[in-house]
Amino acid sequence: MRALRRHGHAVWGLVRDPAKAPPLTAIGAEVFAGDMWRPETYVPRVSEVDAVIHAAQQRTTGRWTRAKIHAMHESDTRMTRSLAAACLAEQKPFVYTSGALTHARYGGARVDESMPARPCLLARGHAEMEAELVSLARTRGLRATIISPGFVYGAGGILETMARLMRRGQYRLIGPADNRWSLVHIDDLGEAYALVLEHGRPGEAYFLGDDHPLSRREVVHRLAAVLDTPAPKAVPRLLAQLLFGRPLVEAITAPLYISNEKAKRELHWQPSHVNYADSLPAVVAGMDV
């Protein structure tokens, strides 16, 4: 939202819990309450804005089961289809947030947007919605574009959860951790949302990652070094599946090696955080750990 504000946009943000509104209002956003499962709480807003960005995701806690993932996909499907229909009727741009896990089954090869989706279970819903939006763009003129980031890091989110667990000595690496991750700082992701409104082409998807992919082991070990904690021990993948659920372990151990060339060429996107290792100390300094 900060990037959208810098680019001169007024922003409305949807929150399920009004108690979560202060961080958004602090950066100049207007906030309204809504729920992914209840289109009547957000669809009427489409006629009042110039563009719609869908970056919501249903929160999942505990062990990740197929039933929980199905519910997560269903909530996203309901919100995506509702917003897409409203944007089509109003002829408004619609930006959908997917993720690079839609291309997780390429054996570690570098992937780009021209390659067909091969999602892990966790990303099948995103892959289905992408295909549906691209079809609507081509056949009915929906002004939809898709943002697909790699591993997003910054203060808050998954990285902060990892840091808290490391502080307690509770974080464990799953398996050999040699799968490569393309990373993107949350500020650079925010900048991409602003740029896709200015330069994105309907029916197109854009991968977002910095210029220095790292193995998952290196991502974790560098975080431990900045935190000045011991490097986490590893646990076998099968044990992790019993503890956390196979779908989550599949996603964590999948490669996320993506090209950022299309985003640079078409969106004029240049990540300011080009290297996770260099950016990490400032990120950790901003964490509540």
Side-chain angles (χ1 to χ4, degrees), residues 1-14 23-32 42-43 45-57 79-80 82-100 102 111-114 126 129-154 182-211 258-274 279:
M1 287 191 178
R2 290 186 180 89
L4 291 168
R5 295 287 292 145
R6 284 198 308 271
H7 282 251
H9 299 286
V11 180
W12 278 358
L14 180 149
L24 301 180
T25 57
I27 59 175
E30 298 289 334
V31 177
F32 66 97
Y42 50 81
V43 165
R45 302 277 179 167
V46 173
S47 63
E48 304 175 46
V49 300
D50 296 320
V52 174
I53 295 174
H54 171 19
Q57 180 172 301
M79 189 173 200
T80 302
S82 299
L83 289 173
C87 287
L88 185 57
E90 297 280 347
Q91 285 297 295
K92 303 287 178 69
F94 179 44
V95 181
Y96 176 72
T97 308
S98 182
T102 56
V111 297
D112 63 35
E113 297 86 347
S114 69
H126 278 156
M129 287 298 96
E130 280 196 43
E132 195 168 307
L133 293 173
V134 168
S135 177
L136 285 170
R138 292 174 179 172
T139 61
R140 299 188 59 190
L142 176 65
R143 297 164 62 189
T145 48
I146 298 155
I147 292 287
S148 288
F151 181 86
V152 182
Y153 71 97
S182 291
L183 304 107
V184 59
H185 191 282
I186 193 167
D187 290 347
D188 290 324
L189 175 57
E191 183 68 12
Y193 282 115
L195 291 174
V196 81
L197 291 175
E198 298 170 9
H199 306 294
R201 291 189 293 132
E204 296 293 328
Y206 299 94
F207 282 144
L208 299 175
D210 68 21
D211 296 329
I258 57 180
S259 168
N260 61 17
E261 292 174 5
K262 183 178 178 182
K264 288 181 174 180
R265 181 177 66 252
E266 296 191 7
L267 303 181
H268 311 294
W269 180 73
Q270 289 292 336
S272 58
H273 299 266
V274 297
S279 300

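Note that the structure is predicted; figures quoted are calculated from it, not measured. Note that these values count all heavy atoms, side chains included, but never hydrogens, waters or copies made by symmetry.
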For atom [atom1] of [X], is the number of surrounding heavy atoms from other residues, nucleotides or ligands below 6.0 Å larger than 12?
| X | atom1 | value |
| --- | --- | --- |
| Leu189 | CG | yes |
| Arg2 | CZ | no |
| Arg265 | CZ | yes |

**OP:** Before giving the answer on side chain to side chain contact (heavy atoms under 4.5 Å, CB included), spell out for His54 and Leu133 the whole-Å C-alpha distance, their side-chain angles and the decisive distance to 0.1 Å.
**Re:** CA-CA 12 Å; His54 171 19; Leu133 293 173; over 6 Å; no
Original post:
Should the pair His273 and His185 be assigned to parallel (<30°), tilted (30 to 60°) or perpendicular (>60°) ring geometry?
Top reply: parallel
In the structure I gave you, are the side-chain heavy atoms of [X] and [Y] within less than 4.5 Å of one another anywhere?
| X | Y | answer |
| --- | --- | --- |
| Val111 | Phe207 | yes |
| Val11 | Ile53 | no |
| Pro271 | Lys264 | yes |
| Tyr206 | Ile146 | no |

Subject >> Asn260 and Asp211 side chains, donor-acceptor separation under 3.5 Å >> reply: yes
**OP:** Would you please name every residue forming a side-chain contact (heavy atoms from CB on, under 4.5 Å) with Glu90, sequence neighbours left out?
**Re:** Val46, Ser47, Lys92
Original post:
side chain to side chain contact (heavy atoms under 4.5 Å, CB included) between Glu130 and Ser148: does it pass, once the steps are laid out?
Top reply: CA-CA 10 Å; Glu130 280 196 43; Ser148 288; 3.5 Å; yes
**OP:** Kindly indicate, with the supporting measurements, whether the criterion side chain to side chain contact (heavy atoms under 4.5 Å, CB included) is fulfilled by Met79 and Met129.
**Re:** CA-CA 11 Å; Met79 189 173 200; Met129 287 298 96; over 6 Å; no
**OP:** I would like to know whether His199 and Trp269 meet side chain to side chain contact (heavy atoms under 4.5 Å, CB included); could you show each step before the answer?
**Re:** CA-CA 10 Å; His199 306 294; Trp269 180 73; over 6 Å; no
Rounded to the nearest 0.5 Å, how far does [atom2] of [Y] lie from [atom1] of [X]?
| X | Y | atom1 | atom2 | answer |
| --- | --- | --- | --- | --- |
| Glu266 | His268 | CD | NE2 | 9.0 Å |
| Thr80 | Phe94 | OG1 | CZ | 5.0 Å |
| Tyr193 | His9 | OH | NE2 | 14.0 Å |
| Leu197 | Leu4 | CG | CG | 6.5 Å |
| Arg45 | Trp12 | CZ | CH2 | 4.5 Å |
| Tyr153 | Asp188 | OH | CG | 7.0 Å |

Give the minimum heavy-atom separation between [X] and [Y], together with the two atoms involved.
| X | Y | result |
| --- | --- | --- |
| Thr145 | Gly200 | CG2-C, 4.0 Å |
| Val43 | Ala86 | CG1-CB, 4.0 Å |
| Ser182 | Ile258 | OG-N, 3.0 Å |
| Ser259 | Glu113 | O-OE2, 4.1 Å |
| Ala100 | Gly150 | CB-CA, 4.1 Å |
| Pro202 | Leu142 | CB-O, 4.0 Å |

Strictly distance-based, threshold 3.5 Å: is any side-chain N or O of [X] a donor or acceptor partner for the main-chain N or O of [Y]?
| X | Y | value |
| --- | --- | --- |
| Ser135 | Glu132 | no |
| Lys262 | Ala205 | yes |
| Arg5 | Ala29 | no |

**OP:** Walk me through it: do His7 and Glu198 pass the test side-chain hydrogen bond (donor to acceptor under 3.5 Å, both in side chains)?
**Re:** CA-CA 10 Å; His7 282 251; Glu198 298 170 9; 2.7 Å; yes
